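Here's the structure, in C-alpha cells; my notes come after.
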Amino acid sequence: MAKQKLPIEVSVSGTAAYAWLDKPDIKFAKAGEAGKYKLTLVVDKKAVGGMKARINGGSEVITGTEWIERLLRAHKDAGGDPSNAPVKDGDKPVGKGGQAKAVNEEFVGKWLVNFKSGFKPQAIDTKKKDLPESIIIMSGDEVKVAFRPNLFDGGCNLYMNAVMLIAKNAGGSSGGGGAGAFGDDEEGYVADAMSADAFGSDDEVPTKVTSGDY
C-alpha cells in the first residue's frame with residue numbers, strides 16, 4: 001500500500017501526556033535525523049461516548065466512540081499490529097509480538113491516542129488564535145488535536161497539524177495549519193484574555209481555565 005494521507009480530523013478532548021510540542025523529542029532519533037514533535041491524548045473510556053470528534057476536514061461530527069473505533073479499524077485494515085497502533089488500550093497494554101505489558105495504573109480506564117509530526121504543530125486557543133509564545137501546552141493540559149491519519153502498508157499513524165488548548169491545567173509560562181477544522185463551538189482558553197505580560201515572571205503558573213460544554 002502506498003502511503004495515503006486522509007483529510008484532517010479533530011480529536012475529542014483529552015489530557016495531554018508525554019507532550020513534546022515546543023521542541024522535538026530526539027531520544028529515539030537516528031543519527032543525522034531530526035526528532036519528532038509528539039503528544040499522547042489520554043481519553044476517559046466512560047466519558048468518550050458523550051464527546052464529539054470531527055472528520056472530513058472538520059465538516060462532519062461523530063461521537064468519540066465512533067472516532068476511536070474508526071482509528072482502530074483503519075490501523076487493523078492496513079495490516080497494523082496492536083503493538084504499534086496509534087490508539088492504545090490502557091487496560092490491556094500490548095508489546096511487540098502481542099505480548100501483554102504491565103498495566104500502568106495511571107492509564108487504567110483510558111484510551112491513549114498517539115500523535116506525531118516532523119514539524120512544530122500550530123498551537124491555538126478556543127477562538128482559533130495562535131497562543132502567545134509565553135504559553136506552552138504541556139502534559140496535564142486539556143486539549144484537542146487536528147491531525148491527518150496516514151495509512152501505509154503495515155498500519156496507520158496520526159500526523160499533528162494543530163493543537164487547541166481547552167484548559168491550562170499545567171504550568172507553561174516561558175520567557176499552520178489545521179485550525180479551521182476545529183469548528184466555532186469551543187469554549188475555554190482564550191489567549192487574548194490573558195496577555196503574555198500578565199503572567200509576570202517565568203516562575204508563575206498561568207491561571208487555570210475551565211472548559212464549557214465541548
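Heavy atoms only: backbone and side chains are in, while hydrogens, waters and symmetry mates are out. What you see is a predicted model, and the numbers here were worked out from it, not measured in a lab.
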>> Taking Lys45 first and then Asp91, would you say they form a salt bridge - that is, a charged N and a carboxylate O separated by under 4.0 Å?
In response: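 Between Asp91 and Lys45 there is a salt bridge, with a charged N closer than 4.0 Å to a carboxylate O.
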>> If the threshold is 4.0 Å, N to carboxylate O, is there a salt bridge linking Lys116 and Asp25?
In response: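 A salt bridge is absent here (no side-chain N lies under 4.0 Å from a carboxylate O).
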>> If hydrophobic clusters are built by linking Ile, Leu, Val, Met, Phe, Trp and Tyr wherever their side-chain heavy atoms come under 4.5 Å apart, do Tyr37 and Ile137 end up in the same one?
In response: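 Tyr37 and Ile137: one cluster.
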Any chance you could measure [X], atom [atom1], to [Y], atom [atom2], to the nearest 0.5 Å?
| X | Y | atom1 | atom2 | value |
| --- | --- | --- | --- | --- |
| Leu165 | Asp125 | CG | CG | 8.0 Å |
| Ser11 | Ile68 | OG | CD1 | 9.0 Å |
| Asp22 | Ile135 | CG | CD1 | 11.5 Å |
| Glu9 | Arg148 | CD | CZ | 10.5 Å |
| Asn114 | Thr40 | CG | OG1 | 4.0 Å |
| Met160 | Ile8 | CE | CD1 | 13.0 Å |

Any side-chain heavy atom of [X] within less than 4.5 Å of one from [Y]?
| X | Y | answer |
| --- | --- | --- |
| Asn161 | Pro121 | no |
| Ile136 | Leu21 | no |
| Thr15 | Leu41 | no |
| Phe107 | Asp89 | no |
| Pro24 | Lys36 | no |
| Ile55 | Pro7 | no |
| Val145 | Leu39 | yes |

Looking only at heavy atoms, which two atoms of [X] and [Y] are closest? And how far apart?
| X | Y | answer |
| --- | --- | --- |
| Trp67 | Val10 | NE1-O, 4.4 Å |
| Val12 | Gly64 | CG1-CA, 3.5 Å |
| Leu158 | Pro149 | CD2-CA, 4.0 Å |
| Ala17 | Val42 | CB-CG2, 3.8 Å |
| Gly154 | Asn84 | O-ND2, 3.9 Å |
| Cys156 | Pro86 | O-CD, 3.3 Å |

> Between Val163 and Ile124, is a side-chain contact (heavy atoms from CB on, under 4.5 Å) present by the stated rule, with each step listed?
Replying inline: CA-CA 6 Å; Val163 182; Ile124 62 174; over 6 Å; no
> After noting the C-alpha distance and the side-chain angles of Ile166 and Thr126, does the key distance pass the side-chain contact (heavy atoms from CB on, under 4.5 Å) rule?
Replying inline: CA-CA 6 Å; Ile166 305 295; Thr126 54; 4.0 Å; yes
>> Side chains of Gln122 and Asp130: any donor to acceptor distance under 3.5 Å?
In response: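 Side-chain D/A pair, Asp130 to Gln122: present.
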> Do Asp81 and His75 have side-chain N/O donor and acceptor atoms under 3.5 Å apart?
Replying inline: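 Distance-only check fails for Asp81 and His75.
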Check: [X] side chain, [Y] main-chain N or O, donor-acceptor pair, under 3.5 Å:
| X | Y | result |
| --- | --- | --- |
| Thr63 | Glu66 | yes |
| Asp44 | Ala47 | yes |
| Ser139 | Tyr18 | yes |
| Lys88 | Ser83 | yes |

>> Using the ring centroid of each side chain, check whether Phe115 and Phe147 are separated by less than 6.0 Å.
In response: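 Yes, close enough.
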> Between Met51 and Val43, does a side-chain contact (heavy atoms from CB on, under 4.5 Å) hold up when you go through it step by step?
Replying inline: CA-CA 10 Å; Met51 297 181 182; Val43 181; 4.2 Å; yes
> After noting the C-alpha distance and the side-chain angles of Asn169 and Asp141, does the key distance pass the side chain to side chain donor-acceptor pair (under 3.5 Å) rule?
Replying inline: CA-CA 5 Å; Asn169 299 324; Asp141 289 337; 5.4 Å; no
